[in-house]
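This is the structure I have questions about; it appears just below.
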Amino acid sequence: MTVRHASSDCARLLEELRSTTPLVQCVTNAVVTNFTANVLLAVGAAPAMVDIPSEARQFASVASGILINLGTPQRDQQTAMTEAVVAANAAGTPWVLDPVAVGFLSVRTELAGQLAGRSPRIIRGNASEILALAGAGSGGRGVDSTDDPLDALHAARSLSRSTSSAVAISGAHDLMVGPEGDAVVVANGHALLTKVTGGGCALGAVMAAFAALTDDAVLAATAATGVYTLAAEQAAARAHGPGSFAIEFLDRLAAVTPDDVASGVNLRAVSVSDSAR
Amino acid sequence: MTVRHASSDCARLLEELRSTTPLVQCVTNAVVTNFTANVLLAVGAAPAMVDIPSEARQFASVASGILINLGTPQRDQQTAMTEAVVAANAAGTPWVLDPVAVGFLSVRTELAGQLAGRSPRIIRGNASEILALAGAGSGGRGVDSTDDPLDALHAARSLSRSTSSAVAISGAHDLMVGPEGDAVVVANGHALLTKVTGGGCALGAVMAAFAALTDDAVLAATAATGVYTLAAEQAAARAHGPGSFAIEFLDRLAAVTPDDVASGVNLRAVSVSDSAR
Amino acid sequence: MTVRHASSDCARLLEELRSTTPLVQCVTNAVVTNFTANVLLAVGAAPAMVDIPSEARQFASVASGILINLGTPQRDQQTAMTEAVVAANAAGTPWVLDPVAVGFLSVRTELAGQLAGRSPRIIRGNASEILALAGAGSGGRGVDSTDDPLDALHAARSLSRSTSSAVAISGAHDLMVGPEGDAVVVANGHALLTKVTGGGCALGAVMAAFAALTDDAVLAATAATGVYTLAAEQAAARAHGPGSFAIEFLDRLAAVTPDDVASGVNLRAVSVSDSAR
């Protein structure tokens, strides 16, 4: 199977993002809300962390894209999540579901199951989370993934078909799967991204920004991942540890150019041997 | 109209802040609480993010200054805000109201209207927020302002008269207005400040610190803004993007001297053409 | 009295931490949750900020160590704290209590008293907080300590005996006291650590990570403090202010070696004159 999209498609979408500044509502966890907002600002989107009941619904009706992240789902925030999803669907606004640490923890696992049935445009997680949400694993320990993205390929395809959502799995390389069976690997990134809390969570917000630009959910997830992981590579080359990496990463997200993306994002097909897993 | 205060007044207050370390209670939004505390520490104040019911009231009775920021007004935090304001007024402690994103979002808009009637020393926002709170606009989209500070001059004057509060509007340049009609523009700052989440919110906390030092609310807002935006200029000169800017900004807030402020803060009067807007 | 442990014991535990990656659950305050998670990642542990009712209990049954920090104790979080402590004790999992700003603020002070009676492995605070928890002082103003660690030596010994917990007091130098009367001073550190919000709070999380590696609570607290304050010294030598210090600190926490710790951590006994305080 060949890859449907090229890095030039990612480059074009980055250019469009910066010229249109999509307004991304984040109903996300307390640990990463600051970093997520700064990532969105750096890449060229406009964050709005509106996450209380009533206001979450109101804002979802005007947002360009929405992130629903289950990392610290307090009671009122759970209500806000459902409100935002209903309003987003009524308005035709794309939203991304990040089922953080589902599998073992009961509150978020039940909530993730409900939300996955409400037509997210993209479901984003690590391999353990996607396996758990697809009913094929017990989840990892917290946000740690104990599984390789390609080991979750079958589960991702099953989840994508049943939800009609694109499914994005982060790992050493990142895997995107669409409901029609198309799949692509983004072979960029750097391990330091796993040493900054919110490295995965903020990617979900960037996916919501790109999903505002195209109806092609796999392309949106791929472009977001490509830009994000390429900036991480550039940042790692300048960093001296996880602290300076996070700072360089924000600088590079703001500085990375469409030309960088066209030449540096490395997309490849899922191979036959991958599919056999 | 001439400017009542000089940059030397700002310098003197910075010196006083550093020698007295005002204790600033922040009842603020979840996105920026960490950055706000670090900004207060850097400039020389002592932050205390006490924001639950009962404790917010208790702490407000001993704080030097208080920030009430409506960015993520969870239910218990709303209670804490009102408690803190009542205790602050009973103790004669100055407090700053930041009506984040009011206009469109119902919970905070109603709350902001109530709180504005309880004698904040300073009301701080962007032009869209001040227009909305003054009843003259519909608000921007989230914390983005779609309006220029000087376009909100008339609304700010009206709001200042009706609340007896100083009104501070941030933008490319910042505008301060007092209830007696005095107005001053702080012509410092840098666009990178809008690329860091909490750039405006943390300024509200710094205003609360300066308000602890003087009964002149316009001077407190002006000095806070002058120190803050001058540090931003210094930081921008050393930064390579929004990530490194935020770090340099904290370093410069700690390093900026009264002499820097006296020579670098640029105050100017609101001109006749401004007033005609 | 001689010091029971040497810096080489601290070095050995750091090596063990990095090879075992203890899973540290944090039920902590909203201001520092991001910094705390990044500190744990940097030093080599795995953070999990699971703090809502039901899930806090579930996670505590699988965590390696747990931090309970009272900085912003919202109602549901209070429930989660008690749940986590009960589950930790049932599983024999060590947990650290950080009674932030107790003494004057009623909600946390009552809660801290209850939790201190439930066998924390380590109680960590500044001198004012330890004095207040031991019933010997009224607390400082917020997280500021107005007292020197050694001034709280008597209170720490009393609190340690009554709770059977190790008691760790941070300050210019840090003091550890055990229920059998042993005491050690870690004579490392840098004042810039007090200019970054969460400098003390994140140390509590690192103590929970080290407590997962040894039943000797004084050693766990000492090793955590030694590694942490040595990294702070290294960071301060490269920093230009509080912003860059926090970034360098994360870099150095990831880079500091067991050899650095063995040669650089400075443990000393509490002297007779100290004990007379």
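A, B, ... follow the sequence lines: proteins, then strands. Residue 1 opens every chain.
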How about CD on A:Gln114, more than 12 heavy atoms from neighbouring residues, nucleotides or ligands closer than 6.0 Å, or not? yes
The reported gap from OG1 in A:Thr109 to CD in C:Glu55 (rounded to nearest 0.5 angstrom) is 7.0 Å
A:Thr33 portion near chain C, given a 4.5 angstrom heavy-atom threshold: neither
Heavy-atom contact with chain A under 4.5 Å, split by part of C:Ala255: neither
Taking A:Val196's backbone N and O only, do any of them form a donor-acceptor pair with C:Asn38's side chain (distance below 3.5 Å, no angle check)? no
Start with the C-alpha gap between C:Gln74 and A:Gln74, add the side-chain angles, then the distance that decides, and say whether side-chain contact (heavy atoms from CB on, under 4.5 Å) holds. CA-CA 11 Å; C:Gln74 297 176 342; A:Gln74 298 176 341; 3.5 Å; yes
If every non-hydrogen atom of A:Val107 is compared with every non-hydrogen atom of C:Ser54, which pair is closest and at what distance? CG2-CB, 4.3 Å
With rounding to the nearest 0.5 angstrom, report the CZ to CG distance, A:Arg75 to C:Asp76. 4.0 Å
Residue part contacting chain A, namely of C:Val32, when any heavy atom lies under 4.5 Å: neither
Side chain, backbone, both or neither: which part of C:Gln25 has a non-hydrogen atom closer than 4.5 Å to chain A? neither
To the nearest 0.5 angstrom, please state how far the CG atom of A:Asn29 sits from the CG atom of C:Asp51. 9.5 Å
Do any of residues 238-247 of chain A come closer than 4.5 Å to chain C, heavy atom to heavy atom, and if so which ones, in number order? A:His240, A:Gly241, A:Pro242, A:Gly243, A:Ser244, A:Ile247
How far apart are the closest heavy atoms of A:Thr72 and C:Met49, and which atoms are they? CG2-O, 3.7 Å
Drop me the distance from A:Thr197's OG1 to C:Leu40's CG, to the nearest 0.5 angstrom. 9.5 Å
If you count heavy-atom pairs under 4.5 Å with chain A, which of C:Leu250, C:Asn34, C:Thr28, C:Val50 comes out on top? C:Asn34
